[in-house]
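A short worksheet on the structure shown next.
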Amino acid sequence: MDVLSSTRMPSFLKPEISICTSQCKRSLGRSSHVRGSTICHGELALTHKVLDEIPLPDTFAWNSLIHTHLSNRDPGGALSIYHHMMMRGARPDCRTLPRVLTASRICGDLFLGKQLHGQAIKLGFFDEHYVITALIEIYGRLDGIEAGKWLFDKSPRRNSVAWTMILKLYLLENKPELAINVFYQMVELNALIDSVVLITAAGACGLLKSVEHGRRVHHVARKFQLESDILVSNSLLKMHIDCERMEDAREFFNQMTTKDVISWTEIICGYVKKGEFNEALKLFRKMNMDGIKPDPLSISSVLPACARTVAHKNGKEIHGYSLRNGIDNDLVVQNATMDMYAKSGLVDYALKVFERMKKRDVISWTVMILGFSLHGKGEIGVEFFCRMEKDQRVEADQFTYAAVLHCCTTACKVEEGKFYFNCIKKPNITHYALMRVLGALLDGCWMHHRRNIGKQVFEQLFDLEPRDAENYVLLSKWYSDNEKWDLADKLRETIMGTGSKPKKAYSWIEFQNKVHVFGTGDISHPRSEGIYTELQCLMKKVKC
DNA sequence: CTAGGGTTAG
């Protein structure tokens, strides 16, 4: 029986147990037999019963039971144990309060947290590290960072856990610069710098995309000789990637003495995000040669690289690997596999994977709907969207709507497109989603030469994201398609003026089992001169 | 029997 199933057990105050008491006493005669990590459904129920029968269970036994409920993701159960403990006159100790505070935090009960705070003071546990941290966390998360920070400033003792909690709370409120400032304060005050606080600080630098702060955190890590700690080095690696410094990231990765599957996954992901799919695939192969076994996460991160090169052979190979190793049941892997097939031109394979899936989430549906639209099967995509809407377990989000709109554009279903577009106007839709949707609508405008609508859409696009170079590329294409060359040229000048750079465009060809990649204006290929000459000849022939 | 921590898919 698995541990989690005990979350469905009867509530503590009314245990419904039909096992004879003598057996209970044999198995749990002494309260120290209560072990949170190994306890299962029946045993937990038994424990309740036994604690009811013991004249006065010791605090250790109550603590264990509270712990068990918490680790079984049942904070409500933990709280009712605590309540019962109080009713029976048991005295909580310094290990009881942190756990009960955690339970009330998960339940979102700040009022109870305040009561427990009072109790901590009354019982003299206020200078306990664990109590302080738990209090900072419940105040910080339920009443805002300032409340947590106040407590932190007032608290008689501070260890690195409490400091880290403050950093974490700032990050939760999306204030990474304040988190980094706290980290610098720590360093200045000679507080103990450990791996966890370094990981948290590195995360803050990544969120800020600040190379400057990143260097300083890196320096501190080196000073405390924690740079080679695998968790620290992985977070430093991630920081370089998040700061969009792939060269630095690669250099750091290369000199890492130990690399685990997470290190490899991070760097592969970094290259995928940057569009360097061949480098991502190379590294995936290298990882295997280094004897690191791919896991569902690394598989899911390399599959997009296969999807976006003609190397769908690699994709099939990786699909085969996941089948042989029994990780094809992972939902994320299945979604990534479907997307790989759909984007490699094998939408039928994608559909096969889709139909075999036991569980489907909104991403599964979106991938499939988008897959159909990419293959000019917009009608089927819209059908799938309707099919999805019948499934109560999934709800369309911004990406699903973008996909279905794309279907409408490829199927020339302008009216339906408008209909879905109107469905999107819910409060939880972000600007980003709107961007994509508008972009999709725009494709429709091109097809129908509905120039006025197109112009309106552009105006909205620029309002939303005036600095996004991609929008200018779209508009430039729009002008060119409408043979407004002078406007297109003028726009190009504007783009240069804003200083925003469009993403580099890539193309590729598979030749003799090797994938050759070409970027715009790329002259890195050893035979690039010959390639361009040949290209010019071809262009001439095309024009004739 | 105790707190704060690194990777993934549209």
Side-chain angles (χ1 to χ4, degrees), chain A residues 31-32 34-37 39 58-68 70-71 93-102 105 128-138 140 159-169 171 194-203 206 229-239 241 260-270 272-273 294-304 307 327 330-340 342-343 350 361-371 374 396-403 406 436:
Chain A
S31 54
S32 59
V34 183
R35 283 282 145 79
S37 54
I39 231 156
D58 60 19
T59 306
F60 173 86
W62 291 109
N63 287 354
S64 299
L65 200 50
I66 292 171
H67 170 81
T68 306
L70 257 184
S71 53
D93 67 7
C94 60
R95 297 193 180 197
T96 316
L97 283 170
R99 278 190 277 241
V100 183
L101 279 165
T102 303
R105 171 179 57 79
E128 288 287 338
H129 280 310
Y130 287 85
V131 175
I132 293 169
T133 316
L135 281 169
I136 292 173
E137 186 167 17
I138 191 170
N159 63 2
S160 60
V161 183
W163 279 101
T164 312
M165 184 57 74
I166 295 296
L167 259 84
K168 176 82 200 270
L169 289 169
L171 292 182
D194 63 11
S195 52
V196 184
V197 76
L198 281 166
I199 291 162
T200 315
D229 177 303
I230 187 71
L231 290 123
V232 172
S233 52
N234 281 346
S235 64
L236 290 172
L237 176 64
K238 178 90 181 350
M239 177 194 79
I241 296 169
D260 64 4
V261 69
I262 296 182
S263 331
W264 286 96
T265 306
E266 280 180 357
I267 193 92
I268 289 170
C269 241
V272 169
K273 274 184 199 135
D295 66 352
L297 271 78
S298 51
I299 297 271
S300 318
S301 50
V302 77
L303 278 167
I327 49 183
D330 185 289
L331 181 65
V332 179
V333 170
Q334 288 169 335
N335 288 345
T337 307
M338 274 166 51
D339 188 56
M340 180 273 297
K343 299 233 167 77
D361 66 1
V362 65
I363 297 182
S364 327
W365 287 97
T366 308
V367 165
M368 214 50 240
I369 294 165
L370 192 66
L374 291 174
D397 65 9
Q398 53 199 39
F399 299 99
T400 326
Y401 277 113
H406 205 266
R436 291 188 64 155

Quick check on B:dA3: is either OP1 or OP2 less than 4.0 Å from any side-chain nitrogen or oxygen of A:Lys168? no
Picking from B:dG10, B:dA3, B:dG4, the nucleotide nearest the side-chain atoms of A:Thr366 would be B:dG10
Q.
Once you apply a heavy-atom cut-off of 4.0 Å, does A:Asn63 come out as touching a base, just sugar-phosphate, or nothing?
A. base
- [ ] Answer with yes or no whether the side chains of A:Thr59 and A:Asp93 bring together a donor and an acceptor at under 3.5 Å.
- [x] no
- Query: Hey, is the side chain of A:Thr133 pairing donor to acceptor with the base of B:dA3 inside 3.5 Å?
  - Reply: yes
Checking B:dG4, B:dG5, B:dG10 against the side chain of A:Val161 (C-beta onward), the nearest is B:dG4
Output for pair (A:Leu236 CG, A:Glu266 CD), nearest 0.5 Å, gives 10.0 Å
>> At 4.0 Å (heavy atoms only), tell me whether A:Ile230 reaches a base, stays on the sugar-phosphate, or touches nothing.
In response: base
### Task
Indicate, with a heavy-atom threshold strictly under 4.0 Å, whether A:Gln334 touches base, sugar-phosphate, or nothing.
nothing
Separation of B:dT8 atom C1' from A:Leu237 atom CG, nearest Å, is 15 Å
Side-chain contact check for A:Thr164: nearest option of B:dG4, B:dT8, B:dC1 is B:dG4
Across all chains, not counting sequence neighbours, the salt bridge (charged side-chain N to carboxylate O under 4.0 Å, His left out) partners of A:Glu137 are A:Arg105, A:Arg141
Considering only heavy side-chain atoms of A:Ser195, the closest of B:dC1, B:dG5, B:dT7 is B:dG5
With the side chain defined as heavy atoms from C-beta on, A:Arg99 is closest, among B:dG5, B:dT7, B:dC1, to B:dC1
Rounded to whole Å, the CD1-P distance (A:Ile268 to B:dT7) equals 15 Å
Original post:
Which is true for A:Thr102 with a 4.0 Å heavy-atom rule: it touches a base, it touches only sugar-phosphate, or it touches nothing?
Top reply: nothing
- Query: Contact class for A:Ser160 (heavy atom, under 4.0 Å): base, sugar-phosphate, or nothing?
  - Reply: base
| said: Less than 3.5 Å apart, any donor N or O on the side chain of A:Thr164 or A:Thr200 sitting next to an acceptor on the other? | reply: no
With a 3.5 Å distance limit and no angle check, can you tell me whether A:Asn335 reaches the backbone of A:Met338 through a side-chain donor-acceptor pair?
no
Using a distance-only criterion (donor-acceptor N/O pair, under 3.5 Å, no hydrogens), is the base of B:dG4 paired with the side chain of A:Asn159? no
Taking only the side-chain nitrogens and oxygens of A:His129, find out if one of them lies under 4.0 Å from OP1 or OP2 of B:dA3.
no
Among B:dG5, B:dT7, B:dT2, the one nearest any side-chain atom of A:His67 is B:dT2
note: A:Glu137, atom CD; B:dG5, atom P; distance rounded to Å ~ 8 Å
Against the side chain of A:Thr200, the closest entry in B:dG5, B:dA9, B:dC1 is B:dG5
By side-chain hydrogen bond (donor to acceptor under 3.5 Å, both in side chains), A:Lys168 pairs with (sequence neighbours left out) none
Notebook entry, point to check: Do any N or O atoms from the side chain of A:Asp339 and from the backbone of A:Ala342 form a donor-acceptor pair under 3.5 angstrom?
Noted result: no
B:dG5 base / A:Asp194 side chain donor-acceptor hit below 3.5 Å: no
Taken to the nearest whole Å, CE/A:Met165 to C1'/B:dG5 is 11 Å
Rounded to whole Å, CG of A:Asp397 lies from P of B:dA9 at a distance of 15 Å
Just checking A:Asp330: base, sugar-phosphate only, or nothing, at a heavy-atom cut-off of under 4.0 Å?
-> nothing
Of the candidates B:dG10, B:dA9, B:dT7, the side chain of A:Val367 sits closest to B:dG10
From CG of A:Leu231 across to C1' of B:dG4 the rounded distance in Å is 13 Å
Between CH2 of A:Trp264 and P of B:dT7 the distance, given in whole Å, is 18 Å
Base, sugar-phosphate, or nothing for A:Val362, non-hydrogen atoms under 4.0 angstrom?
base
Quick note, A:Arg95 side chain, CB onward, closest among B:dC1, B:dT7, B:dT8 is B:dC1
A:Leu303 atom CG is separated from B:dT8 atom P, nearest whole Å, by 14 Å
